[in-house]
Amino acid sequence: MELNVKNEEKGTLVAVTGRMDAVSSPEFDKELGKLIDEGNVNFVIDLSELDYISSSGLRSVLATAKKLKGKNGQILLASLQAVVKEVFEISGFSTIIPIYESVEEAMAAL
Amino acid sequence: MKSIKLAAIIENLDKFITFIHTCSGECGFEGKRVMEIELAVEEALVNIFNYAYPEGEGQVEMKCALKEGKKFVIEIHDKGIPFDGLSRPDPDTTAGIGDREIGGLGIFFIKKVADEVRYSRNDDMNILTIVFLA
């Protein structure tokens, strides 16, 4: 898994590449935690290059969403591949974390 | 059946995933279906890594084969404490963000993506059988 962070006008854009599994996901927690500690609270996560996610990956996304809720921030997901979208739908996470078709749409919604 | 047997530790996850990726590919699976197979295997293994051997170290063995030309059968064996995750209730997938728990989601994913999943305890061994139809 690789994370690419860009500061945009309306918030922080984080592009995730590769796989979010039980081995790699803690890195997502750690990096997003760092960005939150630095004062970033509005995030768009670009998942167009994320090939795979397991319940460990969902745990990391949920932990970040919970942290941001306490700070009146938000985390919006964009451009999910079919299998990643399926995992969000099966788990019901798609009803608690907003999902957008494109990064542009998510940025506009921040 | 092809098989792989390694210590039940998270550091070995990638080796098991590579094994099932190759085995499912050889049996004709591709794309999203391979990802679903990997998801089922990761969720089953992570439970074993985390809970099967609370007192120390142990091993886990995974076998896979195509049976009757259409059933891709994965068997996961461990000699840890008896654990039938399938008998636990499904998680509440409608709870709000504040009440959301991840516990139980892994087993739920296996049930959702696989065509069949069975647990048995034979002698001192947990056997989880996961079937994907080709």
Side-chain angles (χ1 to χ4, degrees), chain A residues 1 16-29 32 41 43 45 47-77 80-99, chain B residues 6 8-18 20-21 24 29-52 60 85 88 90-114 117 130 132:
Chain A
M1 184 194 69
V16 189
T17 305
R19 300 166 66 92
M20 285 183 78
D21 60 20
V23 173
S24 61
S25 295
E27 190 65 20
F28 180 90
D29 274 24
L32 271 283
V41 292
F43 290 90
I45 313 296
L47 298 183
S48 58
E49 300 295 323
L50 183 72
D51 302 320
Y52 172 93
I53 190 166
S54 66
S55 67
S56 294
L58 290 186
R59 176 184 283 118
S60 296
V61 173
L62 181 69
T64 304
K66 282 184 174 175
K67 265 181 218 162
L68 290 170
K69 198 164 185 256
K71 295 178 184 288
N72 283 324
Q74 48 185 337
I75 179 168
L76 311 181
L77 308 179
L80 280 64
Q81 292 185 27
V83 70
V84 173
K85 200 171 197 171
E86 183 189 13
V87 168
F88 274 89
E89 282 168 359
I90 293 174
S91 62
F93 270 51
S94 50
T95 62
I96 52 176
I97 297 178
I99 294 175
Chain B
L6 295 167
I9 52 174
I10 188 77
E11 287 78 5
N12 283 330
L13 179 65
D14 286 350
K15 286 182 189 135
F16 282 108
I17 294 297
T18 301
I20 204 69
H21 183 93
S24 60
F29 290 89
E30 51 189 28
K32 185 164 170 252
R33 202 72 171 138
V34 173
M35 293 294 178
E36 290 176 345
I37 291 169
E38 291 179 18
L39 178 66
V41 165
E42 176 183 334
E43 302 296 355
L45 288 173
V46 168
N47 269 337
I48 294 169
F49 296 160
N50 288 339
Y51 306 116
V60 55
R88 298 170 66 190
D90 290 339
D92 178 3
T93 57
T94 61
I97 191 166
D99 302 321
R100 253 336 166 90
E101 298 290 342
I102 299 287
L105 209 47
I107 297 278
F108 183 63
F109 283 166
I110 301 173
K111 289 184 193 168
K112 285 286 182 184
V113 299
V117 50
I130 309 172
F132 286 84

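Chain naming here is simple, since letters A, B, ... match the order of the sequence lines and numbering starts at 1 in each.
- At most 12 heavy atoms of other shown residues, nucleotides or ligands fall within 6.0 angstrom of atom NZ in A:Lys71.
- Between atom OG1 of residue B:Thr93 and atom CD1 of residue A:Ile96 there is a gap of 10.0 Å, rounded to the nearest 0.5 Å.
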Might you work through the side chain to side chain contact (heavy atoms under 4.5 Å, CB included) test for B:Asp14 and A:Asp21, ending with a clear yes or no?
CA-CA 10 Å; B:Asp14 286 350; A:Asp21 60 20; 4.1 Å; yes
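- Between the CG atom of A:Asp51 and the CD atom of B:Glu38 there is a distance of 10.0 Å, given to the nearest 0.5 Å.
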Run the side chain to side chain contact (heavy atoms under 4.5 Å, CB included) check on B:Val113 and A:Ile90 step by step: do they pass?
CA-CA 9 Å; B:Val113 299; A:Ile90 293 174; 4.1 Å; yes
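- For B:Ile97, the parts lying under 4.5 angstrom from a heavy atom of chain A are both the backbone and the side chain.
- Chain B forms more heavy-atom pairs under 4.5 Å with one residue of A:Val23, A:Ile53, A:Val84 than with any other, namely A:Val23.
- With a 4.5 Å cut-off on non-hydrogen atoms, A:Leu62 touches chain B through its side chain but not through its backbone.
- Interface residue A:Val87: backbone and side-chain heavy atoms are both found under 4.5 Å from chain B.
- Taken from OG in A:Ser24 to CG in B:Leu13, the straight-line distance is 9.0 Å, to the nearest 0.5 Å.
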Show the numbers, then the answer: is there a side chain to side chain contact (heavy atoms under 4.5 Å, CB included) between B:Phe109 and A:Ser91?
CA-CA 8 Å; B:Phe109 283 166; A:Ser91 62; 3.8 Å; yes
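- Taking all atoms of both residues into account, the shortest heavy-atom contact from A:Phe93 to B:Leu105 is CE1-CD2, 4.1 Å.
- The closest side-chain heavy-atom distance from A:Thr95 to B:Thr94 is not below 4.5 Å.
- A distance of 14.0 Å separates OH in A:Tyr52 from NZ in B:Lys32, rounded to the nearest 0.5 Å.
- Between atom OG of residue A:Ser54 and atom CG of residue B:Leu45 there is a gap of 11.5 Å, rounded to the nearest 0.5 Å.
- Using a 4.5 Å cut-off between heavy atoms, A:Gln81 does not touch chain B at all.
- Counting heavy atoms of neighbouring residues, nucleotides and ligands inside a 6.0 Å radius, atom NZ of A:Lys67 exceeds 12 of them.
- Counting heavy-atom pairs closer than 4.5 Å to chain A, the top-ranked of the candidates B:Lys112, B:Glu42, B:Met35 is B:Glu42.
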